[in-house]
Amino acid sequence: MFESLTEQPPDKILMLMQAYKEDPREQKIDLGVGVYKDPEGRTPIMRAVKAAEKQLWEVEQTKAYTGLAGDPAFGEALSRLVLGGAVPAGHVAAAATPGGTGACRQGFDMIRMANPDAKIYVSDPTWPNHLSILKHMGIPVVPYRYFDDETRGVDFDGMMADIAQAGAGDVVLLHGCCHNPTGANLNLTQWQAVVDLLLKSGATPMIDIAYQGFGDGLEADAEGVRLVASSVPECLIAASCSKNFGIYRERTGLLMAVANDPARQKLHQQTLNYLNRQNFSFPPDHGARLVTMVLGDDALRADWQEELEAMRTGMLKLREQLAQELQRLSGSDRFGFIAQHRGMFSRLGATPEQVETMREQHGIYMVGDSRLNIAGLNAKSVPVLAQAIIDAGV
């Protein structure tokens, strides 16, 4: 039966991880894998999460299944974090998923279930797994311009011209904040223009928000999402807790279906429950329960926000240091965009050949499209990277 199977293309980031592990050089720098690292190169368990885990160990009485949508308390807590008061709770259906990836997959499934002919408009570039999942599902993808290779900012005119082609029954996939892989984000005025265009065209937005709190802060990072959710007739939101709670391996995510008509909430919730049942039945609970505990306890939440803010400002300082070091070495401000980008990633603008040169000569590991993980740096490695960038002729 399985003789007809063919080899699948290797995952570039996983290949990069393996090459980094096999490199014997002590001074090598990993800027490829999308996880947060502290100055010592560790991905720590956040203090509040650790405290919640200890409490949970003492009080948890069962490992029985939760509901098909997960514990409702988790859906309510994370929905409030993402949406604030922008949308009444009765307008939101929510289902826990295995990570933000699971939320995206379930969202795409809900779109296909509602309209098998839907096209999904996706930013160029976007997180590669968006494209991989959509290709695997056979859902048509239409790229829209997003990143300007000259300015290293958003090509907003190009973006608007392209998504204007989407119509009713189509979906426009947007990054909520901290765009992956570019780090270039829409401002609130641009978000409003996108909303106005969607209202005119009838296309449905789907927002992937995986880095809330890593850009300009918990509230600022959610402004665009809240504007969209409170303005359009309906939307989907895929949220991840991997980064901002540091619980990558717990696979904790949430898919929200938001409608301005509360009468549709029941049908949306039934649909989300059904999709979970067809895919993995009951979602994982451990990470979701920890998030619920942290968000529901004033002391734990305050400690979590304090640590998250320290992580965010630490990445901003690294961005500023790298931009300043490159300005010093190059004698120009052409790398100033690094300090303007937000989140873990920036697209440097180097060619694949230049990326390979940095790997060979300096032990700098980044994705071939020159996406670098700012959180993989520390104060000592920034000058090493800056020199490698200049030596490679970027």
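Between the side chain of S370 and the main chain of A350, a donor-acceptor pair closer than 3.5 Å is present. Between the side chain of Q278 and the backbone N or O of L275, no donor-acceptor pair lies under 3.5 Å. Using modelled atom types, no side-chain atom of D71 and backbone atom of T66 make a donor-acceptor pair closer than 3.5 Å. D162 contributes a side-chain N or O that, together with a main-chain N or O of R145, makes up a donor-acceptor pair within less than 3.5 Å. A donor-acceptor pair under 3.5 Å is absent between the side-chain atoms of E234 and the main chain of V258, judged by distance alone. Side-chain atoms of K119 do not come within 3.5 Å of backbone N or O of A166 as any donor-acceptor pair. For the pair N129 (side chain) and S132 (backbone), a donor-acceptor distance under 3.5 Å is absent. Side chain of D155 to main chain of G158: a donor-acceptor pair is present (N/O by atom type, distance under 3.5 Å, no hydrogens or angles). Side-chain atoms of D170 come within 3.5 Å of backbone N or O of G167 as a donor-acceptor pair.
Note: Y146 and H179 meet the aromatic proximity criterion, with ring centroids under 6.0 Å apart. Checked against the 6.0 Å centroid threshold, H91 and H268 do not count as a close aromatic pair.
Both tests do not hold together for K243 against F214: distance to the six-membered ring centre under 6.0 Å, angle to the ring axis within 45°.
Interatomic distance, NE2 of H362 versus CD of Q27, reported as 12.5 Å (0.5 Å rounding). Put simply, CD on E356 and CD on Q361 are 10.0 Å apart, with the number rounded to the nearest 0.5 Å. Within the model, atoms CG of L329 and CZ of F335 stand 9.5 Å from one another, a figure rounded to the nearest 0.5 Å. Expressed to the nearest 0.5 Å, how far CG of N260 lies from OG of S230 amounts to 10.5 Å. Atom OG1 of residue T252 and atom CD1 of residue I247 lie 3.5 Å apart, to the nearest 0.5 angstrom. Within the model, atoms CG of L318 and OG of S381 stand 7.5 Å from one another, a figure rounded to the nearest 0.5 Å.
There is a side-chain donor-acceptor pair under 3.5 Å between Q106 and N276. Of the N and O atoms on the side chains of E320 and Q324, not one donor lies less than 3.5 Å from an acceptor on the other residue. Looking at S346 and R319, their side chains do bring a donor and an acceptor atom within 3.5 Å of each other. Side-chain N/O atoms of T182 and H341 include no donor and acceptor closer than 3.5 Å. Counted by atom type alone, D23 and Y365 present one or more donor-acceptor pairs between their side chains at under 3.5 Å.
D109 has a carboxylate O that lies under 4.0 Å from a charged side-chain N of R112, or vice versa, which qualifies the two as a salt bridge. The pair E223-R226 fails the salt-bridge criterion, with no side-chain N (NZ, NE, NH1 or NH2) lying under 4.0 Å from an Asp/Glu carboxylate O. Electrostatic pairing of D216 and R342 counts as a salt bridge here, judged by a charged N lying under 4.0 Å from a carboxylate O. The pair D285-K63 does not count as a salt bridge, with every side-chain nitrogen at least 4.0 angstrom from each carboxylate oxygen.
Between Y65 and F282, the two ring planes are parallel [angle under 30°; tilted spans 30° to 60°].
Linking Ile, Leu, Val, Met, Phe, Trp and Tyr whenever their side-chain heavy atoms come within less than 4.5 Å puts W191 and V154 in one cluster. Connection of W127 to V82 is not established within any shared hydrophobic cluster, with ILVMFWY side chains joined at heavy-atom distances below 4.5 Å, either directly or through further cluster members.
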For R301 and Q305: C-alpha separation, side-chain torsions, deciding distance, then whether side-chain hydrogen bond (donor to acceptor under 3.5 Å, both in side chains) applies.
CA-CA 6 Å; R301 180 167 182 148; Q305 289 189 203; 3.0 Å; yes

Intermediate values then yes/no, side-chain hydrogen bond (donor to acceptor under 3.5 Å, both in side chains), H175 and N180
CA-CA 8 Å; H175 294 230; N180 180 6; over 6 Å; no

Take L236 and I207 through the side-chain contact (heavy atoms from CB on, under 4.5 Å) test and state the conclusion after the steps.
CA-CA 6 Å; L236 294 176; I207 303 174; over 6 Å; no

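The number of heavy-atom neighbours closer than 6.0 Å to CD of E150, taken from other residues, nucleotides and ligands shown, is 12 or below. For D298, the CG atom sits in a loose shell: 12 or fewer heavy atoms of surrounding residues, nucleotides or ligands are nearer than 6.0 Å.
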